[in-house]
Amino acid sequence: MSVKPAQFDMLREMLSAADLRHQVISQNIANVNTPGYKRQDLEFSDLLAKVLSDPDGNNLGDVETRVFEVTGMPERADGNSVDIDLELGQLSKNAMKYQTFAQVLASNLAMMRSAISGR
Amino acid sequence: MGLSSILSASDISATGLAAERRRMEVVANNIANAHSTRTPEGGPYRRQEVVFAAAYQNALGMSRPTDIDQLGGVQIVGIQPDMTDLPRVYQPGHPDADEDGMVTLPNVSMPNEMVDLITASRGYEANLRALRMYRQMAEQALSILRGVG
């Protein structure tokens with residue numbers, strides 16, 4: 001039995017993914033008034049495949065991401081396709097996800113601590 | 001997640017805050033000079049406009065970034081004068097009136113400036129919100145450490 005529970009790496013990946021997504025959403029918000037700017041999003045390539053091929057989560061490595069421009073979004077007259085309400089919604093959602101993962105990780109650690117100390 | 005990336009999202013939001021603040025300053029300057037008929041360059045004041053461009057780090061010649069590390073927020077690439085026609089009004093008593101009694105005034109229009117001001121202010125708020133939310137996330141992550149040790 002490994003000392004490190006299997007969820008640890010997965011939770012770390014998920015926290016990392018939420019952190020990266022926050023950067024992209026921040027970039028979109030920073031460019032809400034930039035003419036011609038197109039909304040960008042993040043693609044997590046084969047994260048699921050990696051997790052499935054490695055159920056113990058021992059060799060997950062870092063999340064591989066790719067930034068891409070979202071096409072087909074309605075554009076303003078200046079060619080900007082950032083919808084501020086959408087971005088703020090995504091921002092809240094992403095922050096909540098992050099807090100959930102952090103909370104789960106913290107309670108996992110607390111459980112481990114109580115197992116070690118026997119209290 | 002490296003230590004440097006702990007701050008990168010705040011940096012992105014900070015560029016947004018700086019850009020929107022700059023835009024508000026320029027709008028304020030336009031409003032303050034709405035009736036300035038003399039400038040160091042000569043002639044009446046021309047409305048100034050900021051030009052925003054998306055900033056990408058280490059992406060020379062690339063129009064679109066593919067890597068997350070290249071996101072650099074927004075930058076101001078210039079403050080340019082608005083070259084639309086300057087309005088002329090009949091004010092024979094004005095010191096800068098020409099021989100026909102016409103005065104050339106700045107091309108600042110209040111409704112435009114007000115709309116710009118509100119847009120900049122809303123953009124500022126949105127960037128601030130992203131920054132605050134990131135701080136909350138970082139605090140949450142740091143609280144994991146609190147129980148250990």
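Throughout, a chain's letter reflects where its sequence line sits, starting with A, and its residues are numbered from 1.
Ranked by heavy-atom pairs under 4.5 Å with chain A, the list B:Ala120, B:Gly16, B:Ala14, B:Ala130 is led by B:Ala130. Between chain B and the options A:Ser26, A:Ala106, A:Ala18, heavy-atom pairs under 4.5 Å are most frequent for A:Ser26.
B:Asn33 pairs in a side chain to side chain donor-acceptor pair (under 3.5 Å) with only one of the listed residues (B:Thr37, B:Asn29, B:Asn30), which is B:Asn29.
For B:Arg122, no part sits under 4.5 Å from any heavy atom of chain A, backbone or side chain. Of the atoms belonging to A:Leu91, heavy atoms from both backbone and side chain fall under 4.5 Å from chain B. There is no contact between A:Ser107 and chain B, counting heavy-atom distances below 4.5 Å. Looking at B:Ala19, neither its backbone nor its side chain comes within 4.5 Å of chain A, counting heavy atoms on both sides. Neither the backbone nor the side chain of A:Ile25 comes within contact range of chain B; no heavy atoms are under 4.5 Å apart. Residue contact with chain A, scored on non-hydrogen atoms closer than 4.5 Å, is absent for B:Gln75. Only the side chain of B:Thr15 comes within contact range of chain A, judged by heavy atoms closer than 4.5 Å. Interface residue A:Val24: backbone and side-chain heavy atoms are both found under 4.5 Å from chain B. Using a 4.5 Å cut-off between heavy atoms, A:Ala110 does not touch chain B at all.
Looking only at atom types and distance, the side chain of A:Asn33 has a donor-acceptor partner in the side chain of B:Glu20 under 3.5 Å away.
Between the side chain of B:Asn107 and the main chain of B:Asp85, no donor-acceptor pair closer than 3.5 Å is present. The closest donor-acceptor contact from the side chain of A:Lys97 to the backbone of A:Ser92 lies at 3.5 Å or more, if one exists at all.
Cluster annotation: A:Val32 is not connected to B:Phe52 through the hydrophobic network of ILVMFWY side chains, with a link wherever side-chain heavy atoms come within less than 4.5 Å. Under the 4.5 Å side-chain heavy-atom criterion for grouping Ile, Leu, Val, Met, Phe, Trp and Tyr, B:Leu17 is connected to B:Val27 within one hydrophobic cluster.
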Would you check, one step at a time, whether the test side-chain contact (heavy atoms from CB on, under 4.5 Å) holds for B:Ile144 with A:Leu109? CA-CA 8 Å; B:Ile144 296 174; A:Leu109 282 167; 3.3 Å; yes
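Counted within 6.0 Å of CD on A:Gln103, heavy atoms from surrounding residues, nucleotides or ligands total 12 or fewer; the atom is thus considered open.
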